[in-house]
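Remarks on the structure that follows.
Proteins get letters first, then strands, A, B, ... in listed order; numbering begins at 1 in each.
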Amino acid sequence: MAFILPGTRDAAYCFALSTTHPMAEQRQVYEPAAIEPKWQQFWLENKVFRAINPGDPDFDAAQPKFYALDMFPYPSAAGLHVGHPEGYTATDIVSRYKRAKGFNVLHPMGWDAFGLPAEQYAIQTNTHPAKTTAANIGTFRRQLQTLGFSYDWDREISTADPAYFKWTQWIWKRLYERGLAYESNAPVWWCEALGTVLANDEVINGRSERGDHPCERRPLRQWVLKITEYAERLLSGLERLDWSDSLKAQQREWIGKSEGAEIEFEVAGHAEDRVRVFTTRPDTLFGASFMVLSPEHELVKRIATPEQLDAVAAYVKQAASKSELERTDLAKDKTGVFTGAYALNPLFEADDPKARIPIWIADYVIVTYGTGAIMAVPAGDERDFEFAQKFDLPVPGIFAPDTGDAEADAVVARGERCITGDVPFAAHCRTSDGSLALAGKSIADAKRAVIDWLAAKGCGEAKTTYKIRDWLFSRQRYWGEPFPVLHTEDGVELVPDEQLALELPDMADFKPGGVPESPLIRAREWVATKDAKGRDAQREINTMPGAAGSSWYFLRFCDPNNATEFCSKAASDYWLPVDLYVGGTEHAVGHLLYSRFWTKVLHDADHVACEEPFHKLYNQGMIQSFAYRDSRGGVVPWADAEERGDDVFHKETGEKLSRFVAKMSKRYGNVVNPDDVVKEFGADTLRLYEMYMGPLADSKPWNPKDVPGIYRFLQRAWRLVVPEFSEHGRVHAHLREDRPADPALEKHLHRMIAKVEDDIGRLAFNTAISAMMIFVNEATKASDKLCRDQLLRFAQVLQPFAPHLGEELWQLLGGEGLLARAPWPAIDPKLLVDDEVEIAVQVKGKVRAKAMIGNGAAKDDILAVAREAVAKYLDGKTVVKEIVVPGKLVNFVVK
RNA sequence: GCGGGGGUGGCGGAAUGGCAGACGCAGCGGCCUUAAAAGCCGCAGACCUUCGGGUCGUGAGGGUUCGAGUCCCUCUCCCCGCACCA
């Protein structure tokens, strides 16, 4: 592809800088503001980073593909934060590198534009969310474009665009058709302050994740997606993914698989009622000494005896009024009430007094998990033991440990101490007819034996449960996708595909109503409609949650302008899965689980071949910032702090302040705006600094003092090419024509390239930059020996990190075509090894001398040189062992 | 409590079981300059030193090894996630 390249600077600009003649000698300095906008504009106008789809005219099937994806942002009114470009720079480096290595790279960007943040802002400013969203997107796009990311802007998408959410609605219909979307009246999290219900992952300890408002459980009609049906596949699919252990652990924990059994207990005097419990330890059934139902359990009302009824009713009422916080965080102390009823342990005859176990209710048992009821085995469960202690219930021992400490073993055997490990069962763990006996069995064997025994009797079976709940998928808010659903007298009807996108009505008042109903209820004309048969129908007034659009956007990026399909099979077959997905950990169990779920459903419906959308996932750390506090612990904003020497003082009071590291926030007044950094140092410095701060995955503080160091590095790189005083656009005289490369510099260059390549592969950008710095330092010392070809290759390696300067140097040096399209320089492996290496010579593990030795020298030769180097330390000693690590060291072990 | 990850100079951080502290910041010295800034060259873990060098040193303690920041055990502190899930 041929481009008409822009001039290094236009003549008018040049004239303005020059005090004499435009072409006269002048001081040439690295000036990002003169370089960066020019290249950004060029890249954009010429669609330099366009990704080519199968079927496109210039598609080359022989080229390998690489899909590098950022978690697309909510375009908030605050604009870009320095945290955004961290992950974006990482994927951009990899994208640019992969292009140079001959990959067809898909690197797109878009906007997660529906949802609460956009709507909250619209309400605050009393402007329609469509308007504020469009404005915010404009700001984000402009800001991202000043950072030189190599996005294919032809693929830009917004989840709030009808051309996009048409397909979100279409996919939802497919979920519905497959029985995976249903209406439910179960209690859901309702947040009064936000005026909507929230999904489980949006509620933390009974408070909203966004805004930290209190939430409560309320039964409301809601749309729910059956993600639980995919629990097992979502769990097992994790194994093959290249994700961090911590993220996989978080998803595993959220899915919360646990294997055990359900056991049915008869209730004494209630022939028609059974208590079903779930337990992971069916083998401890011999130790079940009471039952606990959650206060909300349906059986409670029926089985409570008249004498206990008042106490039970009072407890149920009290539990219902407790906030989630009180029930979990604050109230670890066990509470509960006896119902007066008794269950019968199926292991014993009904008339055996051992079979009769009291049924209690307590709020440590959760109604939504398992069956909402447990068999309590205080001898083998800490919580049950604590409860038994508190209410003075007996603790029948079921274990006979044999640790050698007879006294301790006896304590356990008597049930005075609870034990949860793998301990031998006591001899009395057997049924009277001997059909079941646990002594001598391992936990696993005992579990199986008990389950088989119960199954034969018809009162229990093996059972696996999951903590994950179905995905609450509707919100009582305006700014989201409308459901393609009509309610008629016969029930639910789907809006036909050809009527999609079903757009939102234009409303002047889109605020939540303060009652659990969507503001859409006020759009009467929109709500009242006719169905396909011409009957009266009402549109669904709930809207989809923010996570709807983001659950499939990575698919749309493959084929973003397709008007007839959500994504062509050819496009998704080619591009998926995403090869590198970078974003924050905050989406660990929300977005990442939902996206995996939708992909699996679309796979099952034969719309995509891929089953796991994100092959490699990497979480960048948080960029923090210094903050200051006074002696009373009060936070002092940056604006009021003043540095004097090594310490920081309050500008007005003069009080000495202490420094700490914190998340950037308005509260601390320590937010760094990327626009300011670009203005002062340029985008290349910002990109490089963020990558140089430390490992990508770590959280690390922004240190304004470190930024100029990066700028200096780029300045030095520039200086290798451009003399301090010269005509504009001229390079050093020795670079104007080709000449042979200096061998020493060539070696440095090759090593640097090898290191950078290796580090990009590991996403270790900090050390890659360090390697480039070392090269520039070496090259600066011998700058007159550099040749043009070496600097062209340097520009190529610099380009993924500092694309503007790379491109500029390439052009100044007369590189062919566009650097962004040039291939990665080749490495000569021979140049990566030295002829002579310095080895350390140790005596008893202490370095006593250094010696130069030919690379690949024979062991005996190495030893001879080494022995001589440390002769004085070996004198009079006996060498008992000689360790030789070729190329590294020799160690003499002496006596 | 459970799960995941950490603790290395004044600071951010480098180190496939093989010379700890690369690189950058801050600091110090020199060159350049009338001077300063910028730039360039150099020094720089701590302690001791007869200036040759020596001793100590990666949160604490133990172990494995010729050799440990790295592997194992015990403890401790910090960050993140989950949290009465039976």
Side-chain angles (χ1 to χ4, degrees), chain A residues 27 29 204-205 244-254 256-258 260 277-281 284 292 294 327-329 331-334 362-366 368-377 380-384 386-387 465-467 585-586 588-589 619 621-622 626 646 659 661 688-689 692-695 697-710 712-713 715-716 719 724 764 766-774 776-777 780-781 783 838-850 879-894:
Chain A
R27 187 135 195 264
V29 290
I204 294 162
N205 287 333
S244 71
D245 289 342
S246 123
L247 207 90
K248 285 187 183 183
Q250 276 185 62
Q251 290 219 345
R252 281 197 193 101
E253 224 166 82
W254 185 261
K257 179 178 183 174
S258 82
V277 303
F278 172 71
T279 176
T280 54
R281 292 293 303 273
T284 62
V292 185
S294 76
R327 271 185 74 158
T328 56
D329 256 26
K332 296 281 183 191
D333 222 21
K334 297 276 181 296
D363 64 7
Y364 82 91
V365 175
I366 294 160
T368 51
Y369 184 76
T371 61
I374 62 157
M375 63 176 204
V377 184
D381 185 284
E382 304 272 7
R383 296 152 302 187
D384 299 343
E386 198 190 313
F387 193 84
T465 65
Y466 299 87
K467 277 188 225 168
T585 46
E586 64 274 18
V589 294
N619 293 119
M622 196 190 298
F626 295 126
D646 289 341
R659 193 175 87 162
V661 170
L688 230 50
Y689 173 63
Y692 190 68
M693 290 172 79
D698 290 4
S699 289
K700 53 242 160 196
W702 182 277
N703 186 353
K705 283 191 174 161
D706 287 340
V707 181
I710 295 294
R712 276 200 282 270
F713 160 65
Q715 175 89 257
R716 284 152 71 87
R719 188 58 72 220
E724 193 169 0
N766 53 335
T767 49
I769 294 166
S770 160
M772 290 190 277
M773 287 174 166
I774 293 168
V776 168
N777 289 346
T780 299
K781 281 181 218 167
S783 65
E838 188 186 61
I839 61 165
V841 185
Q842 299 182 332
V843 178
K844 284 178 86 175
K846 282 198 163 66
V847 179
R848 293 302 183 184
K850 306 280 175 73
V879 176
V880 291
K881 198 165 183 181
E882 293 163 335
I883 315 281
V884 179
V885 184
K888 294 274 184 184
L889 59 68
V890 171
N891 187 12
F892 294 104
V893 186
V894 298

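Atom P of B:C31 sits at a distance of 11 Å from the matching atom of B:A36, rounded to the whole Å. Using P as the reference atom, B:G17 and B:C71 are 8 Å apart when rounded to the nearest Å. With both ends at atom C1', the span from B:A20 to B:G57 equals 9 Å, rounded to whole Å. Comparing B:G30 with B:C19, their P atoms are spaced 35 Å from each other, to the whole Å. Taking the P atom of each, B:C72 and B:G18 are spaced 15 Å apart, rounded to whole Å. Spacing of C1' atoms, B:G21 relative to B:C25, comes out at 15 Å, to the nearest Å. Comparing the P positions of B:U8 and B:U70 gives a spacing of 14 Å, expressed to the nearest Å. Nucleotides B:G9 and B:G5, compared at atom P, are 23 Å apart to the nearest Å.
For the pair A:Trp254 CH2 and B:G4 C1', the interatomic distance rounds to 17 Å; values are reported in whole Å. Residue A:Ile204 contributes atom CD1, which lies 8 Å from atom P of B:G81 at whole-angstrom precision. To the nearest angstrom, C1' of B:U33 lies 13 Å from CD of A:Glu724. B:A86 atom P lies 13 Å from atom CE of A:Met375, rounded to whole Å. Whole-Å rounding puts the A:Lys467 NZ to B:G81 P distance at 16 Å. Rounding to whole angstrom units, CE of residue A:Met773 and C1' of B:G24 are separated by 5 Å. A:Tyr689 has its OH atom 12 Å from the P atom of B:C25, to the nearest Å. A:Gln251 has its CD atom 21 Å from the P atom of B:C80, to the nearest Å.
Evaluation of atom-type donor-acceptor distances gives a pair under 3.5 Å for the side chain of A:Lys334 against the base of B:C84. For B:C41, its base never sits under 3.5 Å from the side chain of A:Lys781 at any donor and acceptor pair.
When each of A:Asp363, A:Val277, A:Val365 is tested with A:Val292 by the rule side-chain contact (heavy atoms from CB on, under 4.5 Å), just one qualifies, namely A:Val365.
Within the 4.0 angstrom heavy-atom criterion, no nucleotide atom of any strand lies near A:Arg252. Heavy atoms of A:Lys844 sit nowhere under 4.0 angstrom from any nucleic acid atom. Base engagement by A:Ser770 is indicated by at least one non-hydrogen atom pair under 4.0 Å involving a base atom. Here A:Thr465 lies out of heavy-atom contact (under 4.0 Å) with every strand. Among the protein residues, A:Gly709 comes within range of the sugar-phosphate backbone only, with heavy atoms under 4.0 Å from sugar or phosphate atoms but none that close to a base. Contact annotation for A:Glu838: base contact, defined as any heavy-atom pair under 4.0 Å involving a base atom. Counting non-hydrogen atoms under 4.0 angstrom, A:Glu253 reaches a base of the nucleic acid. Heavy atoms of A:Arg719 sit nowhere under 4.0 angstrom from any nucleic acid atom.
Remark: B:G42 base-pairs with B:C28; criterion is Watson-Crick or G-U wobble with both hydrogen-bond distances under 3.5 Å. Taking a pair to require two hydrogen-bonding distances under 3.5 Å in either a Watson-Crick or a G-U wobble arrangement, B:A15 remains unpaired. Nucleotide B:C71: paired with B:G63 (Watson-Crick or G-U wobble, both distances less than 3.5 Å). In this structure B:A37 sits in no base pair that meets the Watson-Crick or G-U test at under 3.5 Å. Base pairing analysis places B:G1 opposite B:C82; the two distances defining the Watson-Crick or G-U wobble pair are each below 3.5 Å.
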>> Let's go through A:Phe278 and A:Thr280 carefully: what are the C-alpha distance in whole Å and the side-chain angles of both, what is the deciding distance for side chain to side chain contact (heavy atoms under 4.5 Å, CB included) to 0.1 Å, and is it a yes or a no?
In response: CA-CA 7 Å; A:Phe278 172 71; A:Thr280 54; 4.1 Å; yes
> How far apart are the C-alpha atoms of A:Ile374 and A:Asp381, what are their side-chain angles, what is the distance that settles it, and do they pass the side chain to side chain contact (heavy atoms under 4.5 Å, CB included) test?
Replying inline: CA-CA 11 Å; A:Ile374 62 157; A:Asp381 185 284; over 6 Å; no
>> Would A:Glu882 and A:Val890 count as a side chain to side chain contact (heavy atoms under 4.5 Å, CB included) here? Give the steps.
In response: CA-CA 7 Å; A:Glu882 293 163 335; A:Val890 171; 5.7 Å; no
> Could you walk me through whether A:Met773 and A:Ile710 pass the side chain to side chain contact (heavy atoms under 4.5 Å, CB included) check?
Replying inline: CA-CA 9 Å; A:Met773 287 174 166; A:Ile710 295 294; 3.8 Å; yes
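Judged purely by atom type and a 3.5 angstrom limit, A:Ser770 has no side-chain atom pairing as donor or acceptor with the backbone of A:Asn766. Proximity of a side-chain donor or acceptor of A:Asn891 to a complementary backbone N or O of A:Gly845 within less than 3.5 Å is detected.
Here the closest heavy-atom approach between residue A:Gln250 and residue A:Ala588 is recorded as OE1-CB, 3.2 Å. Summarising the geometry of A:Val776 relative to A:Arg716, their closest heavy-atom pair is CG1-CB, 3.8 Å, with the distance given to 0.1 Å. Here the closest heavy-atom approach between residue A:Lys705 and residue A:Pro708 is recorded as O-CD, 3.3 Å.
Nearest-nucleotide positions on RNA chain B for A:Thr368 and A:Ser246 put A:Ser246 closer to the 5' end. Judged by closest nucleotide on RNA chain B, A:Asp245 is the one of A:Ile769 and A:Asp245 placed further toward the 5' end.
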> Once each nucleotide of nucleotides 13-18 of chain B is scored for protein heavy atoms under 4.0 Å, what B/S/- sequence comes out, 5' to 3'?
Replying inline: SSS--B
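Within the structure, every side-chain polar atom (N or O) of A:Arg716 is placed at least 4.0 Å from both OP1 and OP2 of B:C23. Under 4.0 angstrom from either OP1 or OP2 of B:C25 there lies no side-chain N or O belonging to A:Lys705. At least one side-chain nitrogen or oxygen of A:Arg712 sits closer than 4.0 Å to the OP1 or OP2 atom of B:C25. Close to B:G24, at under 4.0 Å from its OP1 or OP2, lies a side-chain N or O of A:Asn777.
An anti base is found at B:G29: its glycosidic angle is more than 90° from 0. B:G52 shows a glycosidic angle within 90° of 0 and is accordingly assigned syn.
Between A:Trp702 and A:Tyr689, the two ring planes are perpendicular [angle over 60°; tilted spans 30° to 60°].
Of the candidates B:A86, B:C25, B:C23, B:C25 carries the atom nearest the A:Asp706 side chain, counting heavy atoms from C-beta on.
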